Amino acid sequence: MESIKITGAREHNLKDVSLSIPRGKLVVITGVSGSGKSSLAFDTIFAEGQRRYMESLSAYARQFVEKIDKPDVDSIEGLSPSISVDQKTFQRNPRSTVGTLTEIYDFLRLLFARIGKPYCPECGVEISAQSLDKMIERISTLGKGEKISIYSPIVQGRKGEYRKELEDLRSEGYLRVRIDGVLYDLDEEIKINKRNKHTIELLVDVAVIRAENMGERVRESLQISLKRSGGVAVVESDKGEIFTFSDKFACPKCGMSYPEISPRLFSFNSPYGSCRACHGIGTTSFCDPGLLIDPELSIAEGAIIPWRNSSYFKQMIKNVADNYSFDITVPFKKLPANIKKIILHGSGDQEVMFYKERKGRVLKYWDTYAGVLGITSEWFKETESPEVREKLSQYMSTTKCTDCEGSRLRKEALSILVEKKSIYDIAGMSVDKGLSFFENLDLTGREKEIGERIVKEINSRLRFLHDVGLSYLTLDRSAPTLSGGEAQRIRLATQVGSKLTGITYVLDEPTIGLHSRDNLRLIDTLKSLRDSGNSVIVVEHDEDTIRNADYVVDIGPGAGEKGGEIVATGGVNKLTQSERSLTGGYLSGDLGVVYPKKRRKHKGLISIKGASEHNLKNIDVVFPLGVFTCVTGLSGSGKSTLVIDTLYNALSHSLYKSKEPIGKHKKITGFGKIDKVLNVEQSPIGRTPRSNPATYTGLFSPIRDLFAMLPQANARGYKPGRFSFNVSDGRCSVCSGYGTEKIEMHFLPDVYVTCERCGGGRYNSETLEIKYNGKSIADVLDMTVSEAHEFFRNIPPLKSKLEVLEAVGLEYIRLGQAATTLSGGEAQRIKLSKELSRRATGNTIYILDEPTIGLHFDDVRKLLLVIQELTNKGNTVIVIEHNLDVIKCADYVIDMGPEGGEAGGQIVAHGTPEKVSKAKGSYTGMFLKKILAKKKTASKGPN
């Protein structure tokens, strides 16, 4: 079949959609935010492809995989196995890095294990094989009369029960084994949990060092140990000294032996390779006095922040004050240095007299005082409460592990080198530098024979990362620090490297976070996937991607319930000719973003001198106040480091005493009149069904207050909490406020049915009897934003918040809509509306990080109207952005680069968009010049 034929798709807001999508083509699904693009691409096409694959497994196998619901669609024909490459299903584990996600690090581990040259971490000399004579010589240094045990490690860190192995040892006459550090007699029944990893060491011999037996008995025992374990022997003295010997590798000077050199030695996720101090994280946590103490306050006023509400700790510190004679009403910063040290670090070995009242009696006792830092650290380690741990974590800071210097690995792994570089040195390289290193790696002889194929795999994966615009990333970059766009392109590069064919790939806006220069590289990557015999379906708003598509599906015409229809299909020409297609209107030029009539003049300047955090090159930069500023540049050029890490954190520290670390700089001036700064981050809103637009934006509290003030509610004694579906008093007791019940179907997917008791209303019948203007609390939550705006038009606190939601183009979403059903663009704009609904003073700085994520051309136009209105009120708006429609409307542009990573961090151009478009060496200017040339005074959006 040459096409994927979809009949009767009704998932979410899709209105019984039927269409055919050509197979083996690059297909773009576009439309305004909330029109139903993701519902068609992910919730219908991908979900059905994945479900069919799972259904092909046996009933037994399906027990162990996630159950997938059948999409609400009549039929899909011609569908091949599908793979989703989106921004949500991404591993945010701090142990994951760019290298591990792309499998490059796995190949590096294999390369170092096979051709790496081991060096002694203590002496620095190359390691060579150890002879038996050298081993015996090393043991003799323990001295005569020392009792030693000789073990042969037959299993090291592997899962299993090992019944056969233990039985074989028993039949051969051996008496004891040590399992996970505990000695067992082989005659007794030994039970091992097969699901856990174990180390099993055979006790070969126990001997006392004497001159007459060193040459025979110990030699023979070592030979047995080496033979049984494949070359490793462990000798342990009664004093606890342990020697690990290998007949393969050992230092000729200090005698230090290497463990088995295998790929797991280089894994920071394995106990055999990870640093013993930080367990492979690379950082260690500690209680930070700067976060624990407010030096402006006295102890009596709550200077010790986590102890403010605890009578127990207040009494404790009062006892300490009595013992050391200091005044707890004096501001902490004015206390003597020795007293501060005692308060923070404790009394050491010196005991303090504590007393407490119990039943009218005063009990006295003596004990040492561990200090605020010691007590809080112990509290953090011992608590089993997630809430307490989360609360205490705000007083913890992280620092680079002093043992491994952030490498995450044990010193032996770091001492194995390829071309004089450790695996950590290579993991610290950017993709570009890694490409250069491996392309110039000169292997000869045996090394070439072993390593050539491994290097080829590494090079191909690095090349894919480069091609999707990620050349600035380092391989050791932690996964949680990646943006959604970066994470998706990493997964895309991995899929290209897998070289599968006959697959349906479904992608969610892969151009997010990409500069216009890198768009064409990404599009070429998508085409290479297509040319390999795959179908590539992309949900996208980017104009370049739409114009390069083989086939376009435009969904609309509006959003939410006004969308869900196929507006136009075919090539770009079909869209531009369609009167119903909003996308076509923007592509043809009939519609466009309103161009500002003039650029605003600033009313002051914030000046940053010598910014040098991360890759910033000691730059000086000014941010004009009272205008709309765009910070642009290639991915990784230093935009977020300058705007968020340096400017925002400095302003937050000045205005709110924020504890976030401020990026390195020499001086920041000019923000004296600023009274408020708001940062709208990219992080999504809550992803639980209980979280919804009403709760997140703060609408729900005044709505509940309103219902609680009604006469009927007062008569029954109902408080605002009664109208929360998170509180047991008012919610339905059957579904616990979810509105649905889960029916487990064992082999079949779980079925979610509407709760019979509340009918999906979430509340119990008594609560639903309370009505405002004929509507219950459940009816209100089921309203769209536009319906609620009309309903609450006479309630100012609600009206203002709802107006902002409408202004950012979210008039179609429902107040009680579960956060899990919101698209990325919708979630971002809900967060934006929350910030914009707060009172502005005219001296507020708004910082927006790529607010056009997930936005259609028309949604960008609406967003710009909001930004321009904010700026017209005298506020300062600073936007980090790649979207050219946004950049061309800015009053001032700061372009960073010239490249990403180490090749970035400089100011390439600054000034009005017209000035930047003429700057030499500016990639942004080059693309901006083209769009400014299309300037139309009549550019506008739809009526």
Side-chain angles (χ1 to χ4, degrees), residues 277-278 283-402 649-662 664 667-668 672:
C278 66
T283 58
T284 52
S285 297
F286 66 96
C287 276
D288 190 337
L291 301 176
L292 282 165
I293 304 295
D294 186 342
E296 302 296 325
L297 301 178
S298 68
I299 291 174
E301 293 170 327
I304 306 173
I305 299 170
W307 292 8
R308 283 175 178 170
N309 300 318
S310 170
S311 56
Y312 172 79
F313 286 123
K314 283 179 181 177
Q315 182 64 46
M316 178 188 289
I317 200 68
K318 188 176 183 300
N319 294 160
V320 174
D322 291 343
N323 275 264
Y324 290 96
S325 303
F326 64 84
D327 190 350
I328 62 173
T329 63
V330 173
F332 189 87
K333 66 180 181 181
K334 293 184 179 180
L335 291 173
N338 65 316
I339 296 299
K340 289 180 184 175
K341 185 177 180 181
I342 290 168
I343 293 170
L344 289 171
H345 300 282
S347 60
D349 295 331
Q350 185 177 347
E351 290 190 334
V352 175
M353 187 182 76
F354 293 99
Y355 56 89
K356 57 185 176 183
E357 291 186 17
R358 181 177 291 174
K359 296 180 180 179
R361 297 172 58 197
V362 177
L363 303 177
K364 297 182 180 181
Y365 63 96
W366 291 84
D367 200 356
T368 56
Y369 166 64
V372 174
L373 297 179
I375 291 169
T376 308
S377 294
E378 198 65 26
W379 191 8
F380 181 78
K381 290 176 185 175
E382 291 184 355
T383 182
E384 295 181 0
S385 166
E387 292 80 13
V388 173
R389 180 172 284 273
E390 185 178 353
K391 182 181 178 182
L392 292 178
S393 65
Q394 64 185 303
Y395 309 117
M396 311 290 285
S397 288
T398 56
T399 185
K400 187 183 287 187
C401 174
T402 53
N649 285 355
L651 293 176
S652 294
H653 178 76
S654 175
L655 295 172
Y656 314 123
K657 307 299 179 188
S658 166
K659 301 294 185 181
E660 288 296 319
I662 302 170
K664 297 174 190 172
K667 191 177 183 182
I668 300 181

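Note that this is a predicted model, so its numbers are computed, not measured.
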Heavy-atom pair of closest approach, residues Y369 and I343
OH-O, 2.8 Å

Mind checking whether L392 and T376 have side chains closer than 4.5 Å, heavy atoms only?
yes

So L651 and I668, do their side chains get closer than 4.5 Å, heavy atoms only?
no

Exceeds 12 heavy-atom contacts within 6.0 angstrom, atom OH of Y365
yes

Determine the minimum heavy-atom distance between Y395 and P306, stating which atoms define it.
CE1-CB, 3.5 Å

Hey, are S347 and Q350 close enough side-chain-wise for a donor-acceptor pair under 3.5 Å?
no

Give a yes or no on whether K664 atom NZ has more than 12 heavy-atom contacts from other residues, nucleotides or ligands under 6.0 Å away.
no

Taking the side chain from K314 and the backbone from R308, do they hold a donor-acceptor pair closer than 3.5 Å?
yes

Mark yes or no for whether D294, through its side chain, and A303, through its backbone, hold a donor-acceptor pair below 3.5 Å.
no

CG of N338: more than 12 outside heavy atoms within 6.0 angstrom?
yes

Go through the steps for W379 and F313 under the test ring pair (Phe, Tyr, Trp, His ring centres under 6.0 Å), then give the verdict.
CA-CA 12 Å; W379 191 8; F313 286 123; 5.6 Å; yes

Tell me, do I304 and I317 make a side-chain contact under 4.5 Å, heavy atoms counted?
yes

Hey, are the side chains of K391 and T383 touching, using non-hydrogen atoms and a 4.5 Å cut-off?
no

Please report the closest heavy-atom contact between L291 and M396, naming both atoms and the distance.
CD1-O, 3.8 Å

Looking only at heavy atoms, which two atoms of T368 and D349 are closest? And how far apart?
CG2-O, 3.9 Å

Do Y324 and I339 have side chains that approach each other closer than 4.5 Å (heavy atoms only, starting at C-beta)?
yes

Grab the two heavy atoms, one from L373 and one from L292, that are nearest each other, plus how far apart they are.
CD2-CD1, 3.3 Å

Using side-chain heavy atoms (C-beta onward) and a distance below 4.5 Å, is I375 in contact with W307?
yes

What distance do F286 atom CZ and S377 atom OG have between them, rounded to the nearest 0.5 Å?
10.0 Å

If you take all heavy atoms of I328 and S298, which pair is closest and at what distance?
O-CB, 3.3 Å

How many angstroms lie between atom CZ of F354 and atom NZ of K318, to the nearest 0.5 angstrom?
13.0 Å

Looking at CG of D288 and OG1 of T399, how far apart are the two atoms once the value is rounded to the nearest 0.5 Å?
10.0 Å

At what distance, to the nearest 0.5 angstrom, does OG1 of T284 lie from NZ of K400?
11.5 Å

Just how far is it from atom CG of L335 to atom CD1 of I342, taken to the nearest 0.5 Å?
11.0 Å

Side-chain contact, heavy-atom cut-off 4.5 Å: H653 with E660?
no

Do the side chains of I299 and D327 get nearer than 4.5 Å, heavy atoms only?
no

Could you grab the distance from atom NZ of K340 to atom NZ of K334, nearest 0.5 Å is fine?
11.0 Å

